[in-house]
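A short write-up of the structure that comes next.
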Amino acid sequence: MAFLGYAPGETEKKWLAVWQKQGLYRAKDETDKPKSYLLIEFPYPSGERLHVGHARSYCCLDAVARKRRMQGYNVLFPIGWDAFGLPAENYAIKTGIHPAVTTATNIGNARVQAMAWGLSFDWEREVNTTDPGYYKWTQWIFVQLFRKGLAYKAEIAVNWCPKDKINLANEEVIDGKCERCGTETERRTQSQWLLAITKYADRLLDDLKTVNFREDIALSQINWIGRKAGAKLVFTNDAIDLRLDVFTTRIDTVFGVTFVAVAPEAASNWIEKVPKAKKAGVEAYVAEALNKSERERKQKTEKTGVDTGLTVKNPANGQEVPVWVADYVMMDVGTGAVMGVPAHDGRDFQFAKRQGLPIVEVVAGGKSGEVYEGEGRLVNSGKYTGMESGEAREKMVADGLGEKSQTYHLRDWVFSRQHYWGEPIPMVFCEKCAKDGISLIKEGEVNGEFKGMAGWFPVSESDLPVKLPQVEKYQPTGTGESPLAAMTEWVNTKCPVCGGPARRETDTMPNWAGSSWYYLRYIDPHNDRVLADPAKLRYWLPVDWYNGGMEHTTLHLLYSRFWHKFLFDLGVVPTSEPYAKRTSHGVILGPDGRKMSKSRGNVINPDEVVTKFGADTLRLYEMFIGPFDQTVAWNWEGVEGVHRFLKRVWGLAIGCQLSAMSSPEAKRRMAKLKVKVEEDLEAMKFNTAVAAMMETLNWWGEHETEVGKDMVTMWVVIMAPIAPFMAEEMFFRLTGGKMGSVHEQKWPEVNPADLGGGKVTVAISVNGKVRGKLELETGRAKEQGLVVSQALELENVKKYIGEKQYRVVFVPGRLVNLVVV
RNA sequence: GCCGAGGUGGCGAAAUGGUAUACGCAAGGGCCUUAAGAGCCCUCGAGCGCAAGUUCAUGCGGGUUCGAGUCCCGCCCUCGGCACCA
C-alpha cells in the first residue's frame with residue numbers, strides 16, 4: 001500500500017491560493033438563500049499571535065460554516081481585529097514605536113496564520129476597531145448615548161496604582177494589585193464617564209428568555225445582573241431635617257432594627273448635622289476608611305464604626321435608633337445605608353456585638369445568642385406578630401411601611417480610561433456654558449438625581465471621527481490623566497455652543513467599546529454614511545450563532561447586548577437582541593495540565609503543528625482534543641494520532657485502485673456517517689464527529705474492496721468541512737477537476753433506505769444481566785416472538801431460566817430481558 | 001459563604017433509562033527492514049478459570065426501575081467565577 005504522496009505543505013499552499021482567487025467564501029447580501037450568520041469573537045492582535053485557543057473556536061465554527069454553505073445557506077463568517085488595548089501602548093512606552101505600527105504588523109501576522117489554517121472567513125469584510133472609519137461609529141454611538149442621558153460623568157472611586165501612576169480599570173486589578181507591576185492599588189475618586197447600563201437591567205434580564213444561550217451562560221448573566229426584590233424604607237429625623245434611605249430584602253425584620261449604618265462615602269452629605277462632640281471622631285473615621293485600599297476595605301475583618309450621635313425614627317414602630325458610620329456598608333450597594341437588624345443578619349450581628357448595640361429578635365426559629373437569617377413566624381412585631389416572613393413582607397409594603405423596590409448587582413459601566421490607545425471620547429467641555437447652566441440633556445435623570453451635564457457637548461456628528469492625535473510620549477502623565485491631556489493644541493478647541501474656548505475630553509474609551517458592536521459592522525463594513533445599511537441589517541440580523549470564551553459572559557456579552565438594545569430603541573437595528581444563540585469553548589491548557597504561559601514555557605504554537613503536520617491535522621486535532629466546552633490539556637501524541645488518521649485516509653482513497661461499485665454495507669456506513677457528522681457539528685460534538693470518521697475508516701480498512709469510487713467521493717465530501725485541504729485535493733484527483741471545488745458541492749442527501757438493512761446485535765439478558773447475544777437482520781430483530789424463541793435456545797440462557805416462569809421485556813432491535821418471576 | 005462545571009480503564013474520553021469503556025493515546029507482542037523510522041497485524045478495566053464462562057467495577061451512601069454512568073435524596077473531592085450585595 002502506498003502512503004507516499006500525502007504532502008500537506010505543498011497541497012495546502014496550492015489550494016489556499018486557488019480559494020482566494022475564486023473568492024469561495026464571500027457572503028452575498030442577497031436574499032434568495034436562507035442566511036446563516038456565524039460569529040467568533042474577534043481577536044486582539046497581540047505580538048504573541050493567535051494561539052491554540054483561538055484555533056479551537058475558529059476551526060470548529062469554521063467546520064459548521066463550511067457544512068452550512070454546502071447545505072445551501074448564504075453564510076456570513078467574518079473576522080476582524082479588536083486592536084485597541086494596553087499591550088500595544090505598553091510596547092510604545094518601552095520602545096517609542098507607535099501602537100498603530102505594532103498593531104498593523106500584528107494584524108498582518110495573524111491574518112497569515114488564520115488563512116493558513118484554512119478558515120473560510122470572508123476577508124472582504126475585515127474590520128479593525130482602531131481604523132478611524134470604524135471608530136467614527138463607536139464614537140457616534142457614544143454621542144447618541146449622551147444625548148439620551150445614558151452617558152454621564154460622576155465622581156467615583158478608581159483604582160490608582162502609585163507605582164505606575166495611572167488609574168486602573170477594575171479588570172486591570174487582580175486581587176487588589178496592579179496587573180502590571182503587582183503594587184497594591186489605592187482608592188481615589190475621580191470624575192469618570194459612566195454608561196447607565198443599569199437602566200437596561202430589567203430588559204437585559206427578561207429578554208434572556210427570547211434567546212438561546214447555553215444554560216450556564218444565561219445563568220451567569222442572570223446572577224451578574226443580580227436583581228433582587230425588596231423594599232425601600234425611609235428613616236428620618238425631622239428636627240434636624242435628616243433623611244436616610246435604606247434598601248432591604250427583609251422588611252419583615254424591620255421591628256428588629258436597633259441602628260442604621262451608613263457608608264463612609266455618604267456621610268459627607270450630612271456631616272454638618274453631627275453634634276460637635278462627635279464630629280471630629282466621625283471625620284477621622286471617614287477619612288481613615290476612605291484611605292483604606294480596596295482590598296483592606298473588603299476584607300471581612302472586625303466590623304468597625306463610629307457613632308454619630310444622631311438618631312432617626314424607625315418607620316415601623318417610631319423608635320429612635322442611633323446612626324452609625326461603618327465601613328462594612330458599601331456606597332455602591334443598595335442605597336449606601338443599611339438598617340441594622342443584628343438578630344437576623346450576620347454582619348449586623350457582628351457589628352452590634354462589637355459596638356455593644358442591642359439585639360432584638362423578631363423572627364422565631366433561631367437559637368438564643370446566635371444570629372438567625374432564615375424565615376419564620378414574626379414575634380415582637382406589633383400587629384404583624386404571628387405572621388410568616390413572606391406574608392409580613394407583603395403586608396408591610398401594602399401598609400406603606402416601605403416602598404416596593406429592587407436592587408441589582410449590576411453597576412453602571414465605567415467608561416473612562418486614562419490611556420492613549422483607545423477611542424477618544426468625542427466630548428467637549430465649556431466652562432462658560434457650564435456656569436450658565438447650558439445643557440443638552442433633557443432626559444438626564446441619572447442615579448436618582450438630575451444631572452444635566454451642563455457645559456458638556458458632543459462633537460458635532462459631521463466632525464466625527466475625533467481622530468486619535470499623534471503624541472510624542474505615551475507615558476502616563478502621573479496626574480491620572482491620559483497622555484492626550486499633555487497635547488494642548490489638540491485639547492484646546494472651540495465650544496460648539498457659544499464659540500468660546502473649550503477643552504476636549506482627554507479620556508479614551510475602554511476596550512469593550514469597539515467590541516460592543518463589531519458584528520454590526522461586518523454586515524456593511526465599508527459604509528461611510530451610516531454604521532450599517534438598514535436593509536442589510538434586516539437581512540443578516542440576528543447573529544445566528546456566536547461562540548466565544550466563558551470569560552466574556554458577563555462583561556462583553558452584556559455590554560454588547562446593552563448597546564444593541566439601545567440601538568434598537570433608536571431604530572438603528574431591527575432586532576432587540578444581537579445574538580440568537582451563544583456558546584462557549586473551553587480553555588486549552590499546556591501539556592503539563594497547567595495554564596499556558598510564557599514563564600512556564602508550556603505555550604503551544606499552532607503554527608508549529610501546521611509546519612510539522614499541516615493545517616488539516618491542526619484542525620482535526622482541535623476538534624478531537626475533547627468536549628468543545630470543556631477545559632482540556634494539549635497532547636502532542638494526540639496530534640500524531642489524528643495525523644496518522646489523515647495519512648490512512650490518503651492511503652486508502654488515493655493509494656489504491658478503486659472499484660466502480662460499493663457494497664450495500666459500505667453505502668449504509670457512509671450514510672450513517674453523513675448523518676452523524678451533520679448532527680454532531682450542529683451539536684458542537686466535534687470530537688465525536690471525528691471519532692465517527694475514524695470508526696468508519698477502520699471498517700473501510702478491513703473491507704477495502706467494498707468501498708468503490710462513489711462512496712469514496714461521498715466520504716471526501718463529508719470530510720470537506722473538517723479537513724478542507726485534503727478533501728479538496730482528493731476531490732480534484734477523483735473527479736479530474738471537472739466538478740469544481742469540493743467546497744461548492746452539495747452536502748450529501750441520504751434517503752432512509754440507505755440507512756436500513758444490515759445486521760444488529762441483540763443483547764439477551766436474564767434478570768437484567770446479559771447472558772448472550774444474537775446477530776440478526778435488522779428487520780427480524782424487531783420481531784419479539786422470533787427473538788425470544790431464539791434467545792431461549794441459547795445454552796447460557798437455558799441455564800438461568802430452566803423451568804422457571806418468566807416475563808419478557810422487549811426493546812426492538814436492541815435487547816430482550818427475561819425476568820424470572 | 002454563594003453560583004456554575006466536573007469526578008467512568010494506565011491517560012484524553014464515548015454512551016436517546018437498554019450490550020459500560022466507542023474513538024484516540026500509551027503499553028506489550030508479532031510482521032516488514034541491514035538498522036532506525038514509518039507502516040501493517042494482534043492483545044489490552046480488575047479478579048477467578050485451561051476454556052465455556054463468571055464475579056466485581058462509572059467519587060461515596062441510599063432510593064426508584066425488569067434494567068441506572070444516565071433519574072431522585074443525602075454526602076465527599078477537583079476546577080472555574082463571584083463575594084461584607086443589605
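Below, read A as the first sequence line, B as the second, and so on, with proteins coming before strands; counting in each chain starts at 1.
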Give the rounded distance in Å between these two atoms: [atom1] of [X] and [atom2] of [N].
{"X": "A:Asp252", "N": "B:A86", "atom1": "CG", "atom2": "P", "answer": "13 Å"}
{"X": "A:Lys228", "N": "B:A83", "atom1": "NZ", "atom2": "P", "answer": "13 Å"}
{"X": "A:Arg594", "N": "B:G80", "atom1": "CZ", "atom2": "C1'", "answer": "17 Å"}
{"X": "A:Phe259", "N": "B:A86", "atom1": "CZ", "atom2": "P", "answer": "16 Å"}
{"X": "A:Arg644", "N": "B:A26", "atom1": "CZ", "atom2": "C1'", "answer": "10 Å"}
{"X": "A:Phe628", "N": "B:A13", "atom1": "CZ", "atom2": "C1'", "answer": "17 Å"}
{"X": "A:Glu622", "N": "B:G24", "atom1": "CD", "atom2": "P", "answer": "19 Å"}
{"X": "A:Leu794", "N": "B:G53", "atom1": "CG", "atom2": "P", "answer": "10 Å"}

Does any donor atom in the side chain of [X] or [Y] lie under 3.5 Å from an acceptor atom in the other side chain?
{"X": "A:Arg227", "Y": "A:Tyr408", "value": "no"}
{"X": "A:Glu665", "Y": "A:His703", "value": "no"}
{"X": "A:Arg807", "Y": "A:Asn817", "value": "no"}

In terms of side-chain heavy atoms of [X], which of [options] is nearest?
{"X": "A:Val819", "options": "B:A38, B:U19, B:C66", "result": "B:C66"}
{"X": "A:Phe624", "options": "B:G12, B:G39, B:C85", "result": "B:G12"}
{"X": "A:Ala691", "options": "B:A13, B:C23, B:A86", "result": "B:C23"}
{"X": "A:Asn796", "options": "B:C85, B:A13, B:G53", "result": "B:G53"}
{"X": "A:Thr248", "options": "B:A86, B:U54, B:A14", "result": "B:A86"}
{"X": "A:Thr688", "options": "B:A14, B:G18, B:C23", "result": "B:A14"}

Using the [atom1] atoms only, state how far [M] lies from [N], rounded to an integer number of Å.
{"N": "B:A46", "M": "B:G39", "atom1": "P", "result": "26 Å"}
{"N": "B:G37", "M": "B:U16", "atom1": "C1'", "result": "46 Å"}
{"N": "B:C82", "M": "B:C56", "atom1": "C1'", "result": "43 Å"}
{"N": "B:G9", "M": "B:U43", "atom1": "C1'", "result": "15 Å"}
{"N": "B:G63", "M": "B:A68", "atom1": "P", "result": "12 Å"}
{"N": "B:U70", "M": "B:G7", "atom1": "P", "result": "11 Å"}
{"N": "B:G29", "M": "B:A20", "atom1": "P", "result": "32 Å"}
{"N": "B:U65", "M": "B:C11", "atom1": "C1'", "result": "35 Å"}

More 5' along RNA chain B: A:Gly768 or A:Gly626, using each one's nearest nucleotide?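 The 5'-side residue here is A:Gly626.
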Please report whether the ring centroid of [Y] lies less than 6.0 Å from that of [X].
{"X": "A:Trp715", "Y": "A:Trp700", "value": "yes"}
{"X": "A:Tyr200", "Y": "A:Trp413", "value": "no"}
{"X": "A:Phe259", "Y": "A:Phe351", "value": "yes"}

Using OP1 and OP2 only, check whether a side-chain N or O of [X] sits under 4.0 Å from [N].
{"X": "A:Arg814", "N": "B:U16", "value": "no"}
{"X": "A:Asn635", "N": "B:C11", "value": "no"}
{"X": "A:Arg771", "N": "B:G53", "value": "no"}
{"X": "A:Arg411", "N": "B:C85", "value": "no"}
{"X": "A:Lys769", "N": "B:G18", "value": "no"}
{"X": "A:Arg250", "N": "B:A86", "value": "no"}
{"X": "A:Lys799", "N": "B:G53", "value": "no"}
{"X": "A:Tyr800", "N": "B:G53", "value": "no"}
{"X": "A:Arg347", "N": "B:A86", "value": "no"}
{"X": "A:Asn817", "N": "B:U19", "value": "no"}

Which label fits B:G9, syn or anti, where anti is any glycosidic angle not within 90° of 0?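 Syn conformation here, the glycosidic angle of B:G9 being no more than 90° from 0.
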A:Phe213 six-ring face occupied by A:Arg582 cation (under 6.0 Å, within 45°):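 Verdict for A:Phe213: no cation-pi partner in A:Arg582.
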Is A:Ile764 close to A:Leu815 at the side-chain level, that is, under 4.5 Å between some pair of heavy atoms?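 Sidechains of A:Ile764 and A:Leu815: no contact.
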Salt bridge (charged side-chain N to carboxylate O under 4.0 Å, His left out), that's the test. Do A:Glu375 and A:Arg393 meet it? Break it down for me. CA-CA 11 Å; A:Glu375 311 222 322; A:Arg393 281 199 288 272; 3.0 Å; yes
Taking only nitrogen or oxygen atoms into account, show me every contact under 3.5 Å that the protein makes with nucleotides 2-6 of chain B, one pair per line with its distance.
| residue | atom | partner | partner atom | Å |
| --- | --- | --- | --- | --- |
| B:C3 | O2' | A:Asn223 | ND2 | 2.8 |

Should the heavy atoms of other residues, nucleotides or ligands under 6.0 Å from CZ of A:Arg243 be counted, would the total exceed 12?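 Counting neighbours around CZ of A:Arg243, 12 or fewer heavy atoms of other residues, nucleotides or ligands fall under 6.0 Å, so no.
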